[in-house]
Amino acid sequence: MVKTTIQKRERLILGNRACAEGAIAAGCRFFAGYPITPSTEIAEVLAWELPKVGGKFIQMEDEIASLAAVIGASVAGVKSMTATSGPGFSLMQEHIGYAFMAEVPCVIVNVQRGGPSTGLPTKIAQADTMQARWGTHGDYHAIALAPSSVAECFHFTIRAFNLSEKYRTPVIVLTDEVVGHMREKVTFPESSEIKIINRMKPTVHPGWYQHFEVNPHFVSPMASFGEGYRYNITGLTHNPDGFPTARPVAIKEKLDKLKNKITHNVNDIVEIREEFMEDAHIAVFAYGIVARAARQAVHMAREKRIKAGLIQPLTVWPFPDVYMEHMLEQLDLVIVAELNQGQLIREVMRVNTGKTRVRGLNRYDSELITPDQIFQKIREEK
Amino acid sequence: MVKTTIQKRERLILGNRACAEGAIAAGCRFFAGYPITPSTEIAEVLAWELPKVGGKFIQMEDEIASLAAVIGASVAGVKSMTATSGPGFSLMQEHIGYAFMAEVPCVIVNVQRGGPSTGLPTKIAQADTMQARWGTHGDYHAIALAPSSVAECFHFTIRAFNLSEKYRTPVIVLTDEVVGHMREKVTFPESSEIKIINRMKPTVHPGWYQHFEVNPHFVSPMASFGEGYRYNITGLTHNPDGFPTARPVAIKEKLDKLKNKITHNVNDIVEIREEFMEDAHIAVFAYGIVARAARQAVHMAREKRIKAGLIQPLTVWPFPDVYMEHMLEQLDLVIVAELNQGQLIREVMRVNTGKTRVRGLNRYDSELITPDQIFQKIREEK
Amino acid sequence: MVFAGTVLAEAIGVEDGKNVCQTQSYGPEARGGASRSDLVVSSGEIYYPKPLKLDLLLALTQEACDTYFPALKEDGVLIVDSGLVDQLPDHKVHGFPFTQIARDQIGTSMVANIIALGAIAALTKIVSRKGLLEAIKKRAPKGTEERNLKAAQLGFELTQRKKRARKKR
Amino acid sequence: MVFAGTVLAEAIGVEDGKNVCQTQSYGPEARGGASRSDLVVSSGEIYYPKPLKLDLLLALTQEACDTYFPALKEDGVLIVDSGLVDQLPDHKVHGFPFTQIARDQIGTSMVANIIALGAIAALTKIVSRKGLLEAIKKRAPKGTEERNLKAAQLGFELTQRKKRARKKR
Amino acid sequence: MADQTAKTQVSTKQKAEEEKVHVFEAWCKRCEICVAFCPTGALTSDKDGFPVLTYPEKCTQCGMCELRCPDFAIAVRPREKKESKKGSS
Amino acid sequence: MADQTAKTQVSTKQKAEEEKVHVFEAWCKRCEICVAFCPTGALTSDKDGFPVLTYPEKCTQCGMCELRCPDFAIAVRPREKKESKKGSS
Amino acid sequence: MALLSKVTHQYLRTKKQFPNVWCAGCGIGTIMGAIIRAIDGLKLPQDDVVMVSGIGCSSRMPVYVDFNTLHATHGRPLAFATGVKLAQPNLKVIIITGDGDALAIGGNHFIHACRRNIDLTTILINNSTYGMTGGQVAPTTPFMKIGTTAPYGNRERSFDIAKLAIAAGAPFVARGTVYHMVQLRKLVEEAIQKKGFSLVEVISHCHTLYGRLNKEGGAIEMLKWQKEHAIPISAAGKVPPEKLRGKFLTGVLWDIDFPEYCEEYDKVMAEAQGKM
Amino acid sequence: MALLSKVTHQYLRTKKQFPNVWCAGCGIGTIMGAIIRAIDGLKLPQDDVVMVSGIGCSSRMPVYVDFNTLHATHGRPLAFATGVKLAQPNLKVIIITGDGDALAIGGNHFIHACRRNIDLTTILINNSTYGMTGGQVAPTTPFMKIGTTAPYGNRERSFDIAKLAIAAGAPFVARGTVYHMVQLRKLVEEAIQKKGFSLVEVISHCHTLYGRLNKEGGAIEMLKWQKEHAIPISAAGKVPPEKLRGKFLTGVLWDIDFPEYCEEYDKVMAEAQGKM
Ligand SMILES: Cc1ncc(C[n+]2csc(CCOP(=O)(O)OP(=O)(O)O)c2C)c(N)n1
Ligand SMILES: Cc1ncc(C[n+]2csc(CCOP(=O)(O)OP(=O)(O)O)c2C)c(N)n1
Ligand code: SF4
Ligand code: SF4
Ligand code: SF4
Ligand code: SF4
Ligand code: SF4
Ligand code: SF4
Ligand SMILES: [Mg+2]
Ligand SMILES: [Mg+2]
């Protein structure tokens, strides 16, 4: 049980704790979860910290109920979050789809561990990357962020809330066992320095209010329960007013809206960090913890005068199609380094038009990919 | 409640019933399920038919329990199946991963309906295609078959059991609301004409038996509970003897085995039906019910002297990388027609080296894609 | 509608030996049963499973008639329940008060659509009378075989009578 | 080990002002706590979060010593619990019976690793003595501050004494 | 569920102003529950199955039919004396 | 969980053939439960925390220590008289 | 307005959603009537009322009522409602759930809601079957009754819902029927007023499926069955035991007091903030 | 063989899996001893015994015993076991589950297994917490006790497991403790012999987490607590009520007969095949 109270600008803190503190900083005032290694510290910190700021923590009977409660709380107007790992993330899939369909902002942290199945509870993997995009039934458009440091755990959780509120959609923070269980010194911003986005509120008279209004921004203003707007929310395909429909035109309109609010805003949602990409012919494409080894590796390569660079998508979903197409123009070789059997590499290959060689560097034996491994791969393939 | 007993070679039967009868023909003697539209008739038929052939039917408390019971029954030596639709399929994801990890043969029928979330229970979609491949956490390698007719519901369910037994892995039958609720005349084979594959049994002395033996075929002989081989099954990453391990070498060996038994057998697992592909410059790539419209469309195109052909993957997972790469060499244009916002098209684009134009024809408003729509698309894009 | 559609499909497909593909549309939830049944008939392989243009439309409500009439071919046959459909499209129409007849002569409106099947067998070559009767025997729920057979007969005779009447005129 | 690792990281990172990244390895399940703690220290940005080659290895068991010794740099410092590690690699080794001392002088073997931290502060420049004591004050669970501080002091003095002894010789 | 295409005209059997009990045929599904359980037998079903207040004199305006109707298709004029609060049942 | 690196040598405090109670130190985790609940006080803990049958004369071979040991690290020689079935406890 | 009564106008979404989807004679509509009348009687502001449901015929109710309505996923309305209530304890949260929804797929959330004792009012519509999906057996289907998935008769025993709820910790448990709609309204009123988790099991009928499969007649016959088999708990003492066999009790079956979770959590917050 | 007793040799996977992963003094090992001795006493062939568990410290047990063992997913062992048993009713299926496994995430399968009455023997190890994940509160953690997720004290009430099982329909319910390991063995024997669903709740201790957080001492102190707080049901009548407060009953708490599901299903098959 971690009892330190939030304090001081510069602190040595655990990745999972940074995530919890990021949530509080973002305005999260409700957490429902179910313990699972290696995410549990997030819940434990919030059980301690949330009531101090007037927030609510509840341990539910399982992960399904956890995300349900989170959705319920968000609908009641409170920014809400849950945290889990692989098996719990699989159980949450039905409700991730519900939150998406019902356009309920909420944040889901998945601290990835070794899979499949119970797998390796205390070891790392990055093998839920595709699941974050395709885990629920029906067409779904995910937003997922991948921190690679303790500081990013803090900042990306805040950003996850901001994106979630801005686009009225669930946002996933895809962290992992190493980042989650790592301690680093973090310099915390003053709360005034933190940019917070809150869901847009309706301005119309309740009689005119449509909870799922279709507008050119694809995001409808959101009244909370109890605010005087009485509307219906359902996971059935529905009209802008929230009532079920089976009219093909209305169905298409709804599903297009869900899609467009992500695909039309890729530029706003996606953040990419580059290193040496101005003149690189070879890129290492890596996200989350692996990007750190990759950064070191491209530095090693540069020392050997190899024109290598790093592309680190901070946002893994939506995939930055246009950006990558553009980058691939410039590149001879992309090495996609992941702690799985090859997931995001498929996306790189998808946008590749055949000009660039795309090679995978995959590790899935519970150990990290080292800078040296990446450097060797650069040397071999170049 | 459908009370007709299995009989007669030529019958008008419902897609879902054909699926149930296929299961019985394949030797399925255990079904556990939870009702959900539009899959329920499969359960209803089996509740009636299974006890007649000495099989067991049980309605469980939910979909999670259903797949758990199916796995339990399979481990006890009985061929087992469940059937569901979107929301239930999402709930089953954790146990699909378990069956994969523990290498338990079983068949999961997903009669797809409109999504996401509760969506459109009585309408069609093909939007669980990617979920069938990526729905569970951790690296997973799916086998999924997509019937396009009532006869195929029967035959593909048999094939699903055969593949499942042969490779000791869960197999998904991805059918849909239209195929499931359609009646067609089917000419049934004599049972002697049906090829049945049963799981390989160990021949070694129990003392030497390893339930997860690593061998060049990637598939280990499988003793059932109660047969005198006492072994351990777990969803934790394990050694060949079934006991948990955290050794990187053993982890990699296990995960490679799971991967290789699919990827090394793509030629055996994948079936593709072609039409006019010998000299086609344009291909329509379509699976499941859409392939029927596509077939009609390419006939229409041929009448207009357009060299169009049809590629219908009967197996949607694993994706036939090599086959498609080869085909794309020959093609100027591929139109991928799907009842979703664009899923399998991503795979086609992935293997495409940029030479061929790949275009999507997507419909997700609960209606079928018509032959005419495809034909128009061919004309537009060619 | 599903029952009638299934009987017709069974008659055409299994009894008369053609290929058939029968589909249906449900309301928003399964429980209510389907409200529309489509049938594609062919002596060859059936590709697209739904009819694109209709050769025959049987409409038992005004709504059905209005919605699906545009899909009927120029030379297609339209059969309606003349008791329930009063606004008729500008087309050659066969109208019979199926529901009325069902209630009056068999005592339940539930067999209206089976009477209509009898009418179809009489009016068109789509299904044979024998095939229809066999299909009903096979598909009718226990205890309802008799009344369904009677209904089909009724539909058949009704039409014959009308034809004859017309000829006489 | 996590507690000791965290104290050291806190001392180096926050008190002494360098960048640190502390990671750990757990057994197969979380409950047991970690059995190994790694620390990367740098005045610049830390990329790869795990040490590739060790500058300092503190091994409290024979197994740990055997496993991790190969990763120690040629000129790295090896500190072992000489009461528990008897097979020493061919290397310059600092051995102290930490566990023994902890039990004898503080009454619980639990503070052995904190004594070891004291020894590290005395033997190397990795961490300042002041930083270490501050970090202990901040991180020690309530009620254990005193004994942990005492342990660190003990480790420090111990080493000084040995150094002095060696000098004398 | 088959023929719930309800008629939208208002019943003209009684004048809305005077009637003790009003049937809203657009919503009525002709389940006949109101008829079956009217304590006084004031209601009967017409040939289409819609309820009719055939014996208005028997009707005590007890409100049972309204409370029991699953479709909110029958409304009873509140008795005037007791409880003059504007209110529900 | 920390130091379960068990010693693999067999206790030599008594000869295996004669002893009433045998401690298998490789598995023993020194929880001292057997000592705490021995009804006769026949067991004590040695300086490392392993149980020792310090007072063999007190030991009634009741078997409690064996039944209670969570680690199957202590075995009691069955009493010879009653019940000569080859058997468990 | 003469066509519809005042409650109908005030509490139902009359303009859009009617006539409702339920079969002619289905009891769910009657229950909906009892609920809105109870809310009307308690004078709860509509803006403060939240109705949460799962999936099923019963769970369609929120679509029709003019409150804050949340039509959630199958089996999970109690979990959604827990979030709503804990986030905004000032809202009155009413859950509408079917026997399949609450006790089959949702059984876990049900027992935990009973145990946790959050101030939620649960109306459980027990029609002994899964209506929406077409008459499969439910955990409430009596032994040997027919369902489409139990064509040879159901071989599982059914839950005694009230007993289960009480054992799981629910402080308020009542049972009513569609037939006894006046009593039902009162039970719902009492349940809403209870501070803590309250359950009203409503015996309803699905004549379309369960009734037909089990030859128990139409809606009217099944309502008569309710009338004949319900024994008010107040009268239970006076009825000879042999007459109780095959019958069920109605009324408030259990009513005790426990600390309510949201109130307890207020204490947690006070303590946490005091300690800060 | 002098080093280990015969049961240990025969029933444990001594060669590979020992020493076990449990903390020094954890009661789970003692319970495992009682179970293998019960099986030995009943002379069940090892090949016919299946042990199924979920995930948790308790659920690690199958790894150590030389039966057909299935270490399933968290919360679901009863559902897996249902499949095993129904597919092969000749096998003896024993479920090992923790309080979190059985009653938190797995609560639904638990009540349904009780209701369905398949012949399964469930040993539920109740240590009042989630051991494996580090001492969070469980549905069995008493009110106001500390868990890592309830640092201000648990505000939920705990389940009375036996009461819940009985209400859900279990025909055999017993309770034992780690301390009373002789009685425990007998309870397990009886449970295995019961035709139908049987439950043995075993009060165990997690001194490493729960004990430490709640200052209840180490394994020895917690075992003493068990000794002092257990009242055999046979003695319960003789003990004055005030002495029962804060105590719990042990022994067979409930034992009645109901048709067992597999046997009922045999009848279904007979009927189906007769009718064919
Ligand atoms: C996850 C999931 N599984 C199954 C279903 C299908 N389903 C919808 S409603 C229902 C049963 C409803 O039964 P009940 O709750 O008793 O409501 P009723 O229709 O009887 O009122 C089922 C199984 C679903 N929607 N979601
Ligand atoms: C789906 C899922 N959620 C959460 C977990 C994490 N988890 C593993 S064991 C456990 C709790 C175990 O508690 P209990 O069943 O009481 O067993 P104990 O360790 O106390 O013996 C949890 C929450 C998991 N493995 N899977
Ligand atoms: S109860 Fe209502 S729906 Fe039924 S007949 Fe009477 S008015 Fe019509
Ligand atoms: S108000 Fe009462 S008496 Fe009058 S019609 Fe309705 S039920 Fe009958
Ligand atoms: S009970 Fe067992 S483990 Fe504990 S001290 Fe005794 S022999 Fe060792
Ligand atoms: S056998 Fe009995 S008396 Fe002897 S040491 Fe063990 S517990 Fe003590
Ligand atoms: S199916 Fe049954 S429960 Fe559903 S609306 Fe019809 S009668 Fe009511
Ligand atoms: S953590 Fe608790 S339950 Fe788990 S092994 Fe240790 S003492 Fe036992
Ligand atoms: Mg129901
Ligand atoms: Mg526990």
Side-chain angles (χ1 to χ4, degrees), chain A residues 3 5-6 29-30 32 47-62 64-80 82 94-95 97-98 101-102 104 106 206 211 223-236 238-239 241-244, chain G residues 13 16-17 21 45-53 55 60 62-93 106 108-109 111-113 115-116 118 261-262 265-276:
Chain A
K3 294 212 179 183
T5 298
I6 300 168
R29 292 295 178 270
F30 186 92
W48 184 250
E49 301 293 348
L50 271 176
K52 293 186 189 167
V53 294
K56 313 286 172 80
F57 169 91
I58 189 167
Q59 181 175 312
M60 295 296 288
E61 51 273 21
D62 64 14
I64 298 173
S66 299
L67 187 48
V70 160
I71 294 170
S74 182
V75 159
V78 177
K79 291 190 190 178
S80 305
T82 188
E94 188 192 8
H95 284 165
Y98 186 90
M101 184 67 141
V104 181
C106 56
H211 191 63
S224 304
F225 277 5
E227 289 187 334
Y229 298 77
R230 296 192 301 269
Y231 55 86
N232 185 56
I233 301 182
T234 177
L236 286 165
H238 46 262
N239 288 318
D241 62 9
F243 294 108
Chain G
R13 287 162 171 160
K16 297 203 158 181
Q17 303 302 320
V21 292
Q46 273 160 271
D47 283 337
D48 293 353
V49 176
V50 176
M51 188 179 275
V52 185
S53 72
I55 303 286
R60 267 289 170 121
V63 167
Y64 302 108
V65 293
D66 191 13
F67 304 122
N68 302 283
T69 56
L70 179 56
H71 183 228
T73 54
H74 187 41
R76 323 291 179 191
L78 281 163
F80 281 80
T82 297
V84 172
K85 180 71 186 181
L86 187 55
Q88 294 289 7
N90 56 311
L91 298 175
K92 273 285 168 202
V93 182
N108 204 26
H109 312 303
I111 58 176
H112 281 271
R115 179 179 70 78
R116 193 174 284 128
I118 277 195
Y261 187 87
C262 295
Y265 204 87
D266 285 343
K267 296 185 202 159
V268 168
M269 290 193 292
E271 192 189 328
Q273 288 164 17
K275 270 190 184 167
M276 238 172 112

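Remember, it's a predicted structure, so these values are computed and weren't measured experimentally. First the proteins, then the strands, lettered A, B, ... as listed; each starts at 1.
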Let me confirm one number: the [atom1]-[atom2] distance from [X] to [Y], rounded to the nearest 0.5 Å.
| X | Y | atom1 | atom2 | answer |
| --- | --- | --- | --- | --- |
| G/Phe80 | G/Ser53 | CZ | OG | 10.0 Å |
| G/Asp47 | G/Asp66 | CG | CG | 8.5 Å |
| G/His112 | A/Met60 | NE2 | CE | 9.0 Å |
| A/Thr234 | A/Phe243 | OG1 | CZ | 10.0 Å |
| A/Ile58 | A/Leu50 | CD1 | CG | 12.0 Å |
| A/Thr82 | A/Ile71 | OG1 | CD1 | 10.0 Å |

Side chain, backbone, both or neither of [X] within contact of chain A (heavy atoms, under 4.5 Å):
| X | result |
| --- | --- |
| G/Leu91 | side chain |
| G/Arg115 | neither |
| G/Gln46 | both |
| G/Val63 | both |

Practice problem: State yes or no: are the ring centers of A/Tyr231 and A/Phe225 separated by less than 6.0 Å? | Solution: yes
Taking every non-hydrogen pair under 4.5 Å, which of [options] racks up the most with chain A?
| options | value |
| --- | --- |
| G/Thr82, G/Leu70, G/Asp48 | G/Leu70 |
| G/Gln88, G/Met51, G/His109 | G/His109 |
| G/Gly106, G/Ala72, G/Ala79 | G/Ala79 |

Using a 4.5 angstrom heavy-atom cutoff, name the option from [options] with the most pairs to chain G.
| options | answer |
| --- | --- |
| A/Pro244, A/Ser80, A/Ala102, A/Ser224 | A/Pro244 |
| A/Asp62, A/Val70, A/Ile64 | A/Ile64 |
| A/Gly55, A/Gly77, A/Ser74 | A/Gly55 |

Quiz item: Which region of A/Phe57, side chain (C-beta onward) or backbone (N, CA, C, O), has a non-hydrogen atom less than 4.5 Å from a non-hydrogen atom of chain G, or is it both or neither?
Solution: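 Both backbone and side chain.
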Self-check item: Main-chain N/O of G/Val65 paired with G/Arg13 side-chain donor or acceptor, under 3.5 Å
Solution: yes
